Amino acid sequence: MADAPRDTLFDAPPMGDQERMVEAMLFASATPLTVANLAARMPHGCDPAEALAHLRRRYDGRGVHLVRVGDAWAMRTAPDLGFLMRNEVVETRKLSRAAIETLAIIAYHQPVTRAEIEEIRGVSVSRGTVDQLIELDWVRLGRRKLTPGRPVTFVVTPEFLDHFGLESARDLPGVAELRAAGLLDNRPPPGMGPALGEVDPDDPPPDQSELFAD
Amino acid sequence: MADAPRDTLFDAPPMGDQERMVEAMLFASATPLTVANLAARMPHGCDPAEALAHLRRRYDGRGVHLVRVGDAWAMRTAPDLGFLMRNEVVETRKLSRAAIETLAIIAYHQPVTRAEIEEIRGVSVSRGTVDQLIELDWVRLGRRKLTPGRPVTFVVTPEFLDHFGLESARDLPGVAELRAAGLLDNRPPPGMGPALGEVDPDDPPPDQSELFAD
Amino acid sequence: MSDAFAEGPPITVAARLEAEALIVDVDGFEGPLDLLLTLSRTQKVDLRRISILQLAQQYLGFVEQARALRLELAADYLVMAAWLAYLKSRLLLPPDPKDDGPSGEDLAAHLAFQLERLAAMRDVAARLMARNRLGQDIFARGLPEDVTRARRVQFSATLLDLMQAYARIRTRDEFRPFVMDRDAVFTMEQALERMRGLIGHAGDWTDILTYLPEGWQADPVRRRSATAATFAASLELAKAGRVELRQSETFAPIQLRAREGRDG
């Protein structure tokens with residue numbers, strides 16, 4: 001089946017198979033397909049127009065419809081089920097560098113105070129950054145520190161673990177492990193001198209025991 | 001219909017309608033959805049698991065199938081029709097032999113540490129190999145091993161299962177035979193002390209802050 | 001590898017053909033285990049019934065051949081050769097009753113297991129890659145439904161982003177421009193400054209250690225720095241002809257006195 005039996009002397013496949021073919025093509029295509037588009041991809045002698053007619057009847061009343069768009073065809077979910085697709089439209093934006101760094105520090109050092117985050121990052125952390133992480137449900141308030149001033153601490157949430165596919169924050173690898181696994185970007189940020197984690201290519205990769213020598 | 005009849009006092013919709021809903025949601029989504037994902041969007045009292053069973057039978061033998069991917073479900077074109085979708089083929093970077101073998105070892109031996117991968121392949125895992133697999137979303141970090149040193153482990157992801165058309169890691173080709181033949185056992189070399197990557201067992205496992213102090 | 005040929009003595013066609021019969025292309029192998037697996041195939045038996053003794057012989061022959069051709073073998077190939085030579089002797093000699101280590105048979109069985117396991121992983125890797133794959137043979141919905149109601153902004157970040165962000169922060173210090181942390185360093189300039197002010201009063205021989213500044217004597221780190229700076233400054237002053245230095249014997253205190261006070 002891997003070879004399309006195009007231009008063979010054999011008969012066209014049975015209509016049931018032609019219907020399957022049209023169904024698969026319309027499903028996988030990002031744009032509506034014309035009869036000519038379909039015919040061009042199908043084995044010689046097929047009749048996509050007839051297959052479309054069968055397919056349209058088959059999907060009649062289902063959760064998905066075969067609809068005509070200009071002179072092309074596409075599959076669309078039934079209009080009455082639109083309410084189910086409400087969550088489908090999510091605009092995905094990348095977290096800002098400040099946010100991802102703050103999140104990383106909280107994950108690696110939790111419970112951690114704002115002052116500690118600022119000390120590690122070396123810059124102040126705006127209120128909005130932590131608020132955003134809390135709103136995303138990735139960070140929550142932990143217990144207060146027993147130090148003077150009793151500052152609040154931040155910890156990561158189960159939603160955070162879920163999003164990042166972690167069983168626990170303890171599963172996050174240390175910097176030495178990151179480097180050994182080649183997960184550190186070798187290009188230094190602009191103006192930062194020698195490359196991060198760059199080593200002599202002849203340097204043998206560290207063995208396991210070195211990996212954990214912190 | 002614009003308002004989802006959630007939390008109403010009415011009965012759940014008939015199974016035929018539930019099936020349509022599940023069909024529409026799975027159709028609209030390019031990524032697999034879990035029963036919980038489906039239930040969250042359906043009216044109160046629905047049984048998406050049963051609807052899925054009906055739907056799966058309905059698509060049996062069609063050009064598009066309902067497939068299981070780990071805990072989730074997705075609609076996918078039938079494998080025998082791949083030849084029609086040449087236009088849709090996503091060009092993927094060719095994986096190196098080392099990357100392919102590393103992927104197989106992670107899939108069959110998961111959760112597996114880097115040292116174990118190296119022991120099986122007999123060579124060190126080069127930087128970037130695991131990185132590449134993580135970037136492809138086929139491999140992620142698993143739970144740390146409870147052996148001394150608490151090394152990180154690697155496991156395969158639902159995206160891996162989806163990509164290779166596997167319902168679960170139990171469906172990996174030949175996995176039962178390999179297990180029966182003892183080839184998935186972690187067998188330390190005879191006479192060797194602790195296995196590779198293990199350290200002094202008296203050494204207490206480092207706590208989080210020590211682990212990450214680089 | 002081609003360089004190795006170029007540097008060696010000229011090789012006759014016959015010798016080269018002979019060498020090729022042994023496939024001495026180490027570059028083609030992913031480590032000694034891979035090479036062993038390839039060599040084991042020439043035995044044409046089930047891996048479970050392979051003769052490890054014969055395999056060790058083949059491997060050692062390969063290494064010999066590579067040496068004769070002056071090919072540079074990576075260290076791990078040589079380590080494996082040494083280990084196989086040892087294994088060979090264990091398999092050939094009667095067991096030493098005083099030795100409680102693993103027997104030659106145990107070691108050979110484990111090597112056979114490793115080879116079988118690697119072969120099995122190779123095999124399943126190939127089977128895995130030959131499966132119908134998403135985006136190649138099986139396809140997802142080409143046009144995920146775009147329903148424009150209830151637009152929600154979702155922020156995304158991957159685990160890789162998170163780990164790289166953390167690594168970036170934690171390694172930032174390693175890569176800042178090199179600056180000495182100066183709070184424990186007493187510079188020679190500071191020592192010179194200090195001593196210039198004091199030597200005018202030093203008509204007699206005095207131990208240079210008495211010139212150490214206040215607060216730099218207790219902490220060993222600070223004391224070391226101040227001592228070094230003071231010593232260097234003393235040499236500098238002696239060179240300028242302003243002081244004389246003496247030391248009665250090795251490791252004895254170094255003493256200093258002003259020349260001006262005496263001469264002038």
Side-chain angles (χ1 to χ4, degrees), chain B residues 2 24 26-31 65 67 74-79 81-83 85 88-90 92 95 97-98 100-101 103-105 107-109 119-124 131 134-135 137 140-141 162-166 172-175 177-178 181-184 187-192 212 214, chain C residues 29-37 48 74 76 80 100-103 105-111 113-147 149 158-160 163 166-167 170-171 173-174:
Chain B
L26 290 178
F27 223 89
S29 172
T31 52
H65 291 166
V67 299
M75 307 285 299
R76 297 286 181 251
T77 59
L81 298 177
F83 72 94
M85 258 66 73
E88 257 69 59
V89 167
V90 195
T92 44
L95 283 178
R97 177 171 154 186
I100 292 170
E101 282 183 20
L103 177 65
I105 292 168
Y108 284 81
H109 291 263
E119 147 89 9
I120 293 169
R121 293 197 63 227
V123 282
S124 57
D131 183 20
I134 290 176
E135 233 170 85
D137 242 357
R140 66 172 180 84
L141 294 169
D162 195 15
H163 184 91
F164 291 97
L166 297 162
L172 284 164
V175 72
E177 294 92 305
L178 291 184
L183 291 171
L184 300 184
R187 205 185 288 181
M192 290 283 283
F212 300 112
D214 196 18
Chain C
F29 293 102
E30 295 216 1
L33 207 55
D34 183 32
L35 171 56
L36 276 170
L37 189 56
R48 295 192 171 219
D76 48 350
M80 179 61 91
D100 56 358
S103 71
E105 279 72 24
D106 289 344
L107 295 172
H110 187 73
L111 180 59
F113 167 74
Q114 283 178 292
L115 291 174
E116 200 192 345
R117 183 172 61 181
L118 181 62
M121 281 298 119
R122 292 265 160 90
D123 174 53
V124 293
R127 286 167 72 183
L128 191 62
M129 299 315 277
R131 283 182 70 85
N132 288 319
R133 291 163 63 181
L134 189 67
Q136 317 279 321
D137 315 284
I138 296 175
F139 296 84
R141 179 75 170 127
L143 183 66
E145 209 90 358
D146 188 16
V147 182
R149 278 179 287 176
T158 65
L159 186 58
L160 207 57
M163 295 188 303
Y166 187 69
R170 294 321 301 250
T171 49
D173 288 349
E174 296 175 27

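Quantities reported herein were computed from a predicted structural model and do not represent experimental measurements. What's counted below: heavy atoms across the whole structure, side chains too, no hydrogens, waters or symmetry copies.
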Approximate separation, where rounding is to 0.5 Å, of [X] [atom1] and [Y] [atom2]:
X        : Y        : atom1 : atom2 : value
C:Arg141 : B:Leu26  : CZ    : CG    : 12.0 Å
B:His163 : C:Gln136 : NE2   : CD    : 5.5 Å
C:Ile138 : B:Leu81  : CD1   : CG    : 10.5 Å
C:Met129 : B:Glu101 : CE    : CD    : 11.5 Å
C:Asp123 : B:Glu177 : CG    : CD    : 10.0 Å

Would you mind reporting whether [Y] and [X] have side-chain heavy atoms less than 4.5 Å apart?
X        : Y        : answer
C:Leu33  : B:Val123 : no
C:Met121 : B:His109 : yes
B:Arg187 : C:Gln114 : no
C:Asp34  : B:Arg97  : yes

Open item on the list: Keeping C:Arg131 on the side-chain end and B:Phe164 on the backbone end, is there a donor-acceptor pair under 3.5 Å?
Closed with: yes
Could you tell me which portion of [X] (side chain, backbone, both or neither) has an atom closer than 4.5 angstrom to a non-hydrogen atom of chain C?
X        : result
B:His65  : neither
B:Met85  : both
B:Ala78  : backbone
B:Ile105 : both

Task: chain B contacts, top residue of C:Arg122, C:Glu116, C:Met80 (heavy-atom pairs, under 4.5 Å) - done: C:Arg122
Task: Heavy-atom pairs under 4.5 Å with chain B, option from C:Gly142, C:Gly135, C:Pro32, C:Ala120 with the top count - done: C:Gly135
- [ ] Could you walk me through whether B:Leu178 and C:Val124 pass the side-chain contact (heavy atoms from CB on, under 4.5 Å) test, one step at a time?
- [x] CA-CA 9 Å; B:Leu178 291 184; C:Val124 293; 3.7 Å; yes
TODO: Provide the closest heavy-atom pair for C:Arg127 versus B:Gly174 in the form atom of the first, atom of the second, distance.
DONE: NH2-N, 3.6 Å
